[in-house]
Structure formats: C-alpha cells, structure tokens
Amino acid sequence: MSHSATEPVRCCVVSLGCPKNLVDSEQILAGLIRSGLDLTNRPDRADVIVVNTCGFLSDAVIESLREIRRLARWKHGGRCKALIAVGCLVSRFPDLVLTKVPDVDACLPSGRFHEVPALVARLLGRRPIRLPKEPPYPERVLSTPPWYAYLKIAEGCDRTCSFCTIPMIRGRQKSRPVDDLYDEAVQLVRSGVRELILIAQDTTLYGVDLYGRQALPDLIKALDSIDGLNWFRILYAYPNGVTDEIIDALASSRTFARYLDLPFQHSHKEILQAMRRGGDGDQFLRRLHKLRESIPGIAIRTTFIVGFPGEKDHHFEHLMDFVCASQVDHMGVFLFSPEKGTAAAEMPDQVLRDVAVERRQRLMALQKEISERKNQQRIGTVIEAVVEEPQKDGRWVGRACFQAPEIDGHLILFSRNGQTAQPGQFVKAQVVKAKAYDLEGRVLF
C-alpha cells in the first residue's frame, strides 16, 4: 500500500463517545496537520480514516464496531487506502477490532495518539516528517463551535467503582499541571473561545496525584484571571469530592457559569456501597444545600444507574424520593450494564432488564415534571445566554448559562426590535415561555 509523496494526503478523523474522546480526536487532528497532511470531514474523500472508538459500555462497543464497518466500505468503494482504529475500544479489547473488521489496517490504544502521524506515513509508504517541538500545552484543532471548547484537566481515574471500565481502559489518574492548563485556556480564549467546559473522569480529584491535594480551587482561580472568558462549567464532579474549599472557590468566581455536574448514580446507602462509591442520599442533600446556599441559582445536573445488582423495590423507591427531594435541574438515567472485567458484572441478584427499563421510565417521568416546574418558575427572569445558530423563522437557537452543550435543553431566542444576533454572541434574555426541557426568551442585548 503506497501513496505518491507528491500527492496531498487527506485524513478524516471520526470521533465516537464522550467529550474526553473528542479532545483526544482534536489533538489527533492537530498532529496530522503538523505532519503536513490535509484534513477532510468527508470519509468518501479521505485517503486515511482514523476512528477514535468508545468502549465504555457494551452498547458503545457494538456501536463502534458498526461505525468502523460502515467506514470500511470506503476502502472498496472510495479512495481510502488506510483505516485506523484508536482509543478506548482498542485499549479494552485489543484483538476484537481486527477480528470483527479485517479491513482495519492498524490499531492504537488510548495514550498513544501521538503515534498516529507516523503510523499513517508507514501505512502509505511515505517517509515520516520530522515534527517541530511541541508547545507546552497539547495542540488541538477544535471540532466544536468556535465559542466553546472542552478542557481536559486529567486522564484516567483512581476511583474503583464496581461498575466502571475506565480504570482498565485509561489507567490511573494523571492530572495536568495548573500552569499548562492555564496556558492552553489562554490560547483557546485568544482563538475566540468564550466558554470552557472542564472535564476529567473525576474533576474533584484533579491535582491529587501531582500536588498531594485537590487543586481544583487553584485552577478555578487561574481561569478566573483570563480576560475574555465568559463562562466555565464543570462536568463529572464526584459528589463526595465536592469540598467546602471547592464550593468557596466557585462561589467567589466571576466566570463560573453556576452549573455543576454531580453524578450521584444512586441514593440508597446499600446500593452506593455495592457500587463502591460511598455516601448516601442524606449526605448528598446536605451537599446540595451547601451549594445552593453558597451559589444562589446554581444549576445541578446528575446521572443515575437503575437496575444495579441487588436493587430491590425499596431501594428504587428511596431513589424516587431522593429525586423529589433534590430537585435537580437536569438528569440522565442509565440502565445497569454488566461489563466484562468489572466486579458488578459478577455480583448476584442481577436485575431483569424489563424491570430496569420500567424504573428508568418512572424516574425520567418524575424528572420531567420537576424540570417543567422549575422552568416555569424561570418565566419573567433575566438570564445569561449564548446565541448558537439561526432558525428559518428569524429566531435563534441558543443556550442559557444553566444548559451545557449536547446534553441539556435549548433556549429559543427572538428580538422584538429587529436587532440581529451572531452565533457565539453572549446576551441577556428574558424568559417568556417554558417547556419541560426547553425555554423561549426575548433578547435584551
């Protein structure tokens, strides 16, 4: 398999899974450009296709294999000369991809993305290009809209949740130094980014491996000093790790979007112990009270797992009561998935899928009522928002400060005086209508 050294090589990177994967894919794109290769977002026009896979859950494994097979057809009906699979699925099941999709030419696990350009050169029979020295922060080609970006503050995880595959896929936690993150954030803001979304497998443990203590408050203060940054928000904060010091840092921040993702996963002490997470609903409610008292108007997002082994009716009813008491703004519910290699997959008293599905439906129906009531209470209030894209009817789709990209609802914006807004513009808006997940607001500019 060779490719003329004089012909431009077009590479297409397909990213699957979570925002943490997306950041990895953006770094892969930057590495390809630094190697002198061209990029395209069309697989049918690519000489090389790189698939950054997800392998967190069984459903994600199936979806990743399906997508790789779909892309493999361009090796037979297109110009693709090399198909490369990278990332979580390759890390978790190193032989599965090559067995199930023989058209794949090479695989690279997580942590070796910097090798992609050299691998492309080898597969195409080209001489690798000597790259210039890398900057102190990872170079990226943003694939998000230009006004927001994810900032991955750590890799891997030191938690031992009994249902989770991340430690076996990504390894132990490896935090990035505060100075490196600050430099990257400054560069992103200089390029036009106005909203940063902090991500890691557990953002509350950030810095413990480097500094012997939680360094999230230090990072918050560093981000707060960046001119031109409108918002930052935090995802994947371990509930028991949200200390008073973190809350105080958030409360005193000028750019915190007052949005925190706290994946509780359950509320009953027995189920949380089986999950190896600790805590209970009462502790969580006290933490929520502290957050809301210290940061008025803070929006809370959470996730739960239903159908965990041993979850009885009274455990689930406890969870329903907790949802009523906690009154969070956004919620996702996942069915337990018995993942190979995890302790939970071998636990007794596995819950029937039909039972888990019914519990998920009940929990989501309850949350829909809560979300609709909370949104109705926002009518008449003035909120911060970002404009994202125009609609054909002259209105715009946007997001309020309490809505994260991709996972929460939208804010439909309009103007009564004929003024127009641009994508990425931050505005004030008065809420005039509300549904369970979406809002409508009049732009005040």
Side-chain angles (χ1 to χ4, degrees), residues 19 23 142 144-153 181-182 184-186 188-189 192-200 203-204 206 216-237 239 242 246-263 287-288 290-303 328-332 371 374-375 378 381-388 396-411 413 421 423-431 437-439 441 443-444:
V23 173
L142 292 186
T144 53
W147 53 89
Y148 77 83
Y150 294 97
L151 186 65
K152 184 156 68 168
I153 64 177
L181 291 169
Y182 172 81
E184 182 177 4
V186 168
L188 289 168
V189 171
V193 168
R194 293 294 173 262
E195 175 183 2
L196 290 172
I197 304 162
L198 275 58
I199 54 173
T203 48
T204 65
Y206 166 71
L216 188 57
D218 300 328
L219 180 58
I220 290 168
K221 292 172 186 175
L223 295 176
D224 230 26
S225 69
I226 300 175
D227 291 333
L229 179 64
N230 289 64
W231 295 341
F232 75 86
R233 66 183 75 242
I234 300 176
L235 303 189
Y236 318 125
V242 181
I246 289 176
I247 293 175
D248 291 343
L250 293 173
S252 61
S253 168
R254 67 176 180 84
T255 51
F256 178 51
R258 292 181 295 171
Y259 177 107
L260 188 62
D261 174 48
L262 289 171
R287 202 67 327 211
L288 284 173
K290 172 70 173 178
L291 279 163
R292 288 164 171 160
E293 183 180 55
S294 303
I295 312 168
I298 187 172
I300 303 294
R301 177 178 179 81
T302 194
T303 51
V328 299
D329 299 84
H330 312 286
M331 186 179 83
S371 295
K374 289 177 76 75
N375 275 347
R378 298 185 191 277
T381 62
V382 176
I383 57 177
E384 291 182 283
V386 59
V387 179
E388 300 213 294
W396 308 285
V397 176
R399 277 186 298 112
C401 58
F402 47 80
Q403 294 170 323
E406 307 294 335
I407 53 176
D408 298 325
H410 293 102
L411 172 63
L413 297 163
Q425 182 178 349
F426 286 75
V427 298
K428 299 285 188 180
Q430 185 174 41
V431 179
Y437 303 116
D438 298 327
L439 298 164
V443 179
L444 303 178

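Side chains included, hydrogens not; waters and symmetry mates left out as well; all remaining heavy atoms used.
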J.: Taking all heavy atoms of V189 and all of R194, pick out the closest pair and write down the distance.
T.: O-NH1, 3.1 Å

J.: Can you tell if the side chain of L262 reaches within under 4.5 Å of the side chain of V328, non-hydrogen atoms only?
T.: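 No; the side chains remain at least 4.5 Å from each other.
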
J.: Can you tell me how far apart CD1 (I153) and CG (L198) are? Round to the nearest 0.5 Å.
T.: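 Going from CD1 on I153 over to CG on L198, the span is 5.0 Å.
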
J.: Can you find a pair of side-chain heavy atoms, one from V443 and one from V387, that are under 4.5 Å apart?
T.: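 The answer is no, as the side chains (C-beta and beyond) never meet within the 4.5 Å cut-off.
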
J.: Does any non-hydrogen side-chain atom of L142 lie less than 4.5 Å from one of V193?
T.: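 Yes. Closest side-chain heavy atoms under 4.5 Å.
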
J.: Say whether, by atom type as modelled, one donor and one acceptor occur between the side chain of T302 and the main chain of M331 under 3.5 angstrom.
T.: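 No.
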
J.: Please name all residues satisfying salt bridge (charged side-chain N to carboxylate O under 4.0 Å, His left out) with R258, sequence neighbours left out, ordered by chain then number.
T.: none

J.: I'd like to check the ring pair (Phe, Tyr, Trp, His ring centres under 6.0 Å) partners of F232; sequence neighbours left out, ordered by chain and number.
T.: F256

J.: Among all residues two or more places apart in sequence or in another chain, which pass the ring pair (Phe, Tyr, Trp, His ring centres under 6.0 Å) test with W147?
T.: none

J.: Quick check: closest heavy atoms across L188 and L196, and the distance to 0.1 Å?
T.: CD1-CD2, 3.8 Å

J.: Nearest heavy-atom pair of T203 and A200: which atoms, and what distance?
T.: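 Heavy atoms only, the tightest pair is CG2-N, 3.6 Å.
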
J.: Quick one: which residue pairs count as a salt bridge (Lys or Arg N to Asp or Glu O under 4.0 Å) with a foot in residues 222-235, not counting sequence neighbours?
T.: E195-R233

J.: How would you list, by chain and number, every residue that makes a ring pair (Phe, Tyr, Trp, His ring centres under 6.0 Å) with Y437, sequence neighbours excluded?
T.: none

J.: In chain order, what residues pass the side-chain hydrogen bond (donor to acceptor under 3.5 Å, both in side chains) check against Y259, with sequence neighbours excluded?
T.: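 Result, side-chain hydrogen bond (donor to acceptor under 3.5 Å, both in side chains) vs Y259: D408.
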
